[in-house]
Every structure is written in C-alpha cells, then in structure tokens.
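Computation of the quantities below employed the complete heavy-atom set of this structure, encompassing side-chain atoms and omitting hydrogens, waters and symmetry-equivalent molecules.
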Amino acid sequence: KYGIYENLDFINFVMGFTYGAYLIIEDNDTYIFIPNSDPFLGFMNASRFIGLEYNLLVTNSKDVFVSLCRYLISNDIPVIIPVLMRSTDSLLYPTPHFVLLVGYEDEFFYVYEPLSNRYFLKFNSAGIKLALNALASAVEEYSRLFRLPWRYGLIYLTKSLKPHQVSLGEVLIRNGLLGIGSNRYCGQYQVLTGSKAIKALTKLIGDNTTNPKHISSNLLLISVMRMDNAVYLERFFTNSEAINEVVSKLRNASLIYARTAKLLEKCVVSCNVSEITKLINEVVRLEEEAGLLMIKIGTKLLTEESMKPS
C-alpha cells in the first residue's frame with residue numbers, strides 16, 4: 001500500500017516486539033504476564049525506520065472511537081487496534097494482541113486477525129466480520145487490563161515525507177535493553193520487563209499464585225520467538241563472531257524455555273519448583289548476557305554509523 005517491501009522478519013526486528021517480556025504484579029499478588037515487549041512502542045520505533053508516520057489516538061468515548069475508525073477506513077487508512085481476545089473469540093486464556101481494521105458496514109467491522117482459530121491475513125480481502133460492540137468491548141478490556149489512562153485507543157500509519165534510514169546500532173541497543181528489562185513501581189503495581197519479568201516468575205510459581213498451564217504456554221511462545229530471533233540475527237549479520245555469540249545464547253535460552261514449559265505442564269499433578277527455579281535462573285542469565293552483547297555490538301555500530309559522511 002505504501003510502497004514498502006521489507007520482509008516481516010526485518011520489521012519484527014526493528015519493532016523489537018519478540019525481545020523481552022512483560023509482567024505486572026498487583027499488591028494482592030494477582031498478575032499479568034505477556035511473552036513479548038510493548039507493541040505500542042514497537043510500532044512507534046519501527047515506523048520511522050521503514051518510512052511511515054506513527055499516529056496514536058485515544059479517547060474515553062466509544063462513539064468517538066467508532067467514528068474515528070470509520071473516518072480513517074473510509075479514507076483508505078487501515079486502523080490498528082489493541083484487543084483482549086476473549087472478547088472476540090473463545091480462547092482458554094485472555095490473549096491481548098493487535099488486529100487490523102480494513103472495512104465496515106452498519107454495525108460491523110471487517111478485521112485482519114493474526115491469532116486464534118479464525119486466523120486471517122489475506123491482503124485485499126474483506127477480512128473477518130465482527131460486531132462493532134464486541135470489538136469496542138475488546139479494546140476497552142485491553143485498556144483495563146493494562147491500566148491504560150484511556151478506554152479506547154487506535155494506531156494508524158501513513159507514508160512519511162521525511163527521509164528514513166535504519167540505524168542497526170540503535171535497534172540492537174534497544175533490543176538488548178528489552179531483553180535485559182527493568183523493574184519499576186507504578187503506585188500499587190510492580191511492572192517488570194525482559195529478564196526481570198522472567199526472574200519474578202520463580203516467586204509466583206513458588207508461592208503457587210500462578211496458573212502453571214498459562215505460564216507454560218507463554219514460555220513456549222518465548223521459546224519459539226528466541227529461536228526465531230537467533231535464526232534472523234545469524235542470517236542478517238553474516239560472518240560476525242560477536243553476533244554468533246548472541247545467537248548461541250538465544251538458542252540455548254530457547255531450549256531452556258521449552259524444558260521449563262514442559263515441567264510447568266506437570267504442575268497439575270506435582271510441581272518440581274526447585275528444578276523450574278534452576279532453569280529460569282539459567283535462562284535469565286542467558287537473556288542478560290545476550291542483551292549486554294547486543295548493546296556492546298550496537299554501540300560499536302552506532303560509532304561507525306556516526307563516522308560515515310551524511
């Protein structure tokens with residue numbers, strides 16, 4: 001649509017979406033665990049590298065939200081919205097993610113759906129027909145889940161008139177930081193990201209305040225993503241010993257995530273907390289080391305990039 005033909009692996013790399021993790025813990029030990037980084041920031045970061053302008057609109061009015069969606073779609077601008085999947089489909093666990101609105105009629109929207117049993121991503125097709133009220137509720141539930149200061153939000157991307165260039169150094173530094181993560185407090189909530197979020201799972205599992213199958217399914221997703229990260233880095237940065245070291249750590253982390261997930265599946269009968277803790281501590285070490293290496297490589301690349309004539 002906008003004349004951008006980068007492959008999805010590259011766009012995922014500059015988004016940083018599959019690096020890191022996200023955990024919110026409340027005072028009463030209820031928690032939200034997501035196996036990836038913040039997609040709002042991901043869209044914002046990636047857009048400027050591929051020649052797009054990022055726009056985020058938020059409101060507390062359902063009518064304004066619906067009108068904005070219809071206005072943008074009628075002007076041939078697809079709309080990206082965050083949804084909590086249980087409101088639009090029947091899944092075992094609430095699954096927050098993003099869908100693309102491509103059309104509407106009467107009290108329905110047409111959606112490209114990248115997840116669930118109604119997976120649908122077919123360019124130039126109508127998409128899945130979803131009731132307006134169900135979709136609006138899914139957006140509102142997403143905002144409520146993540147304690148966002150608005151009820152409804154949407155993203156739209158337009159072609160940027162500014163020159164764009166990918167800074168591989170900046171991307172590597174950011175993805176390294178996402179892998180290492182952070183630990184901060186926002187009022188009654190503790191918000192952990194990256195390896196800090198993974199590390200915090202040991203206490204939740206030990207205290208028996210988690211749903212083992214839910215954590216297991218998310219760790220399996222992380223396992224797949226770390227392997228994908230490793231494959232892409234190895235292919236993109238050819239003949240780089242430093243990157244190969246990162247790749248090795250991500251591959252090992254992927255295998256350990258998978259082993260941990262299998263142990264968690266058995267927790268319904270008997271939970272080997274000590275072995276799970278040992279594996280999680282090992283994977284946290286690998287994530288931190290891979291992150292630090294990416295920051296080191298990225299810093300070197302940034303220096304080289306700054307020395308090139310503009």
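- S216 places a side-chain N or O within 3.5 Å of a backbone atom of A261 that can act as its donor or acceptor partner.
- Residues L264 and I205 meet the side-chain proximity criterion, which asks for heavy atoms closer than 4.5 Å.
- Atom CD of E245 and atom NZ of K296 lie 8.0 Å apart (nearest 0.5 Å).
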Practice item. Take V166 and L168 through the side-chain contact (heavy atoms from CB on, under 4.5 Å) test and state the conclusion after the steps. Key: CA-CA 6 Å; V166 177; L168 294 178; 3.8 Å; yes

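- Here the side chain of S143 pairs a donor or acceptor atom with the backbone of W150 at under 3.5 angstrom.
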Check your understanding: Can S274 and N272 be said to form a side-chain hydrogen bond (donor to acceptor under 3.5 Å, both in side chains), step by step?
Key -> CA-CA 6 Å; S274 62; N272 189 341; 3.1 Å; yes

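- At least one donor-acceptor pair under 3.5 Å links the side chain of E305 to the backbone N or O of G169.
- By the criterion of side-chain heavy atoms lying less than 4.5 angstrom apart, applied directly or through intervening Ile, Leu, Val, Met, Phe, Trp or Tyr residues, L286 is not grouped with V231; the two fall into different hydrophobic clusters.
- A continuous path of Ile, Leu, Val, Met, Phe, Trp and Tyr side chains, each step under 4.5 Å between heavy atoms, connects M294 with L41, placing both in one hydrophobic cluster.
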Exercise for review: Applying salt bridge (charged side-chain N to carboxylate O under 4.0 Å, His left out), run through K62 and E140 and close with a yes or a no.
Suggested key: CA-CA 9 Å; K62 176 183 171 183; E140 187 176 9; over 6 Å; no

Check your understanding: Are T202 and T277 close enough, and set up right, to give a side-chain hydrogen bond (donor to acceptor under 3.5 Å, both in side chains), and what steps lead you there?
Key -> CA-CA 6 Å; T202 57; T277 300; 5.4 Å; no

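- Counting only distance, with no hydrogens or angles, the side chain of N183 and the backbone of L192 share no donor-acceptor pair below 3.5 Å.
- To the nearest 0.5 Å, the span separating OG1 on T158 from CG on L52 amounts to 7.5 Å.
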Review point. Are I173 and T299 close enough, and set up right, to give a side-chain contact (heavy atoms from CB on, under 4.5 Å), and what steps lead you there?
Key: CA-CA 7 Å; I173 290 171; T299 302; 3.8 Å; yes

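- Classification of the F236-Y232 ring pair by plane angle, with boundaries at 30° and 60°, yields parallel.
- Using a 4.5 Å heavy-atom cutoff, the side chains of I81 and V99 are in contact.
- Looking at F33 and I25, their side chains never come closer than 4.5 Å, going by heavy atoms from C-beta outward.
- A chain of hydrophobic side-chain contacts below 4.5 Å, direct or via other Ile, Leu, Val, Met, Phe, Trp or Tyr residues, connects L263 to I215.
- A single hydrophobic cluster is not seen to contain both I297 and L177; linkage of ILVMFWY side chains at heavy-atom distances under 4.5 Å, directly or through other members, places them apart.
- Between R226 and E287 there is a salt bridge, since a side-chain N of the basic residue sits under 4.0 Å from a carboxylate O of the acidic one.
- With respect to E282 and R285, a salt bridge is recorded, a charged nitrogen being found less than 4.0 Å from a carboxylate O.
- Put simply, the side chain of S217 gets close to the backbone of H214: a donor and an acceptor are under 3.5 Å apart.
- Proximity of L23 to Q190: side-chain heavy atoms (C-beta onward) are nowhere separated by under 4.5 Å.
- Aromatic ring centres of Y71 and Y156: separated by at least 6.0 Å.
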Practice item. Go through L233 and F13 one step at a time and tell me if the side-chain contact (heavy atoms from CB on, under 4.5 Å) criterion holds. Key: CA-CA 9 Å; L233 289 172; F13 171 60; 3.8 Å; yes

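- You'll find the side chain of L84 reaches within 4.5 Å of the side chain of P96, heavy atoms only.
- The distance from atom CG of L172 to atom CG of L302, rounded to the nearest 0.5 Å, is 9.0 Å.
- One finds the OG1 atom of T59 at 7.0 Å from the CG atom of L68 (value rounded to the nearest 0.5 Å).
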Practice item. Could you check F109 against V79 for side-chain contact (heavy atoms from CB on, under 4.5 Å), going step by step and ending with a plain yes or no? Key: CA-CA 11 Å; F109 279 108; V79 177; over 6 Å; no

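- Proximity of the aromatic rings of F40 and Y54 is defined here by a centroid distance below 6.0 angstrom, and this criterion is not met.
- The closest donor-acceptor contact from the side chain of S223 to the backbone of L219 lies at 3.5 Å or more, if one exists at all.
- Side-chain contact check for T18 and N12: at least one donor-acceptor pair (N or O, by modelled atom type) lies under 3.5 Å.
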Show me, pair by pair, the donor-acceptor contacts under 3.5 angstrom made by side chains of residues 246-253, not counting sequence neighbours?
| from | atom 1 | to | atom 2 | distance (Å) |
| --- | --- | --- | --- | --- |
| K249 | NZ | E289 | OE1 | 2.7 |
| R251 | NH2 | E234 | OE1 | 2.7 |
| N252 | ND2 | S248 | O | 3.3 |

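- Annotation for R259: atom CZ does not count as buried by contact number, only 12 or fewer foreign heavy atoms lying within 6.0 Å.
- Contact of the F237 side chain with the N244 side chain is not registered, since no non-hydrogen atoms from C-beta on lie closer than 4.5 Å.
- At a threshold of 4.5 Å between non-hydrogen side-chain atoms, the residues L101 and L135 count as touching.
- Y104 places none of its side-chain heavy atoms less than 4.5 Å from the side chain of C69.
- Here the CD1-CG distance, from I80 to L56, works out to 10.5 Å after rounding to the nearest 0.5 Å.
- By the 6.0 Å contact criterion, NZ on K159 is enclosed, its count of non-hydrogen atoms from other residues, nucleotides or ligands being greater than 12.
- F17 is not connected to M227 by any chain of hydrophobic side-chain contacts under 4.5 Å among Ile, Leu, Val, Met, Phe, Trp and Tyr, and they are in different clusters.
- Between the side chain of S195 and the backbone N or O of I180 there is at least one donor-acceptor pair closer than 3.5 Å.
- Summarising the geometry, atom CG belonging to N281 is positioned 12.0 Å from atom CD1 belonging to I276; distances are rounded to the nearest 0.5 Å.
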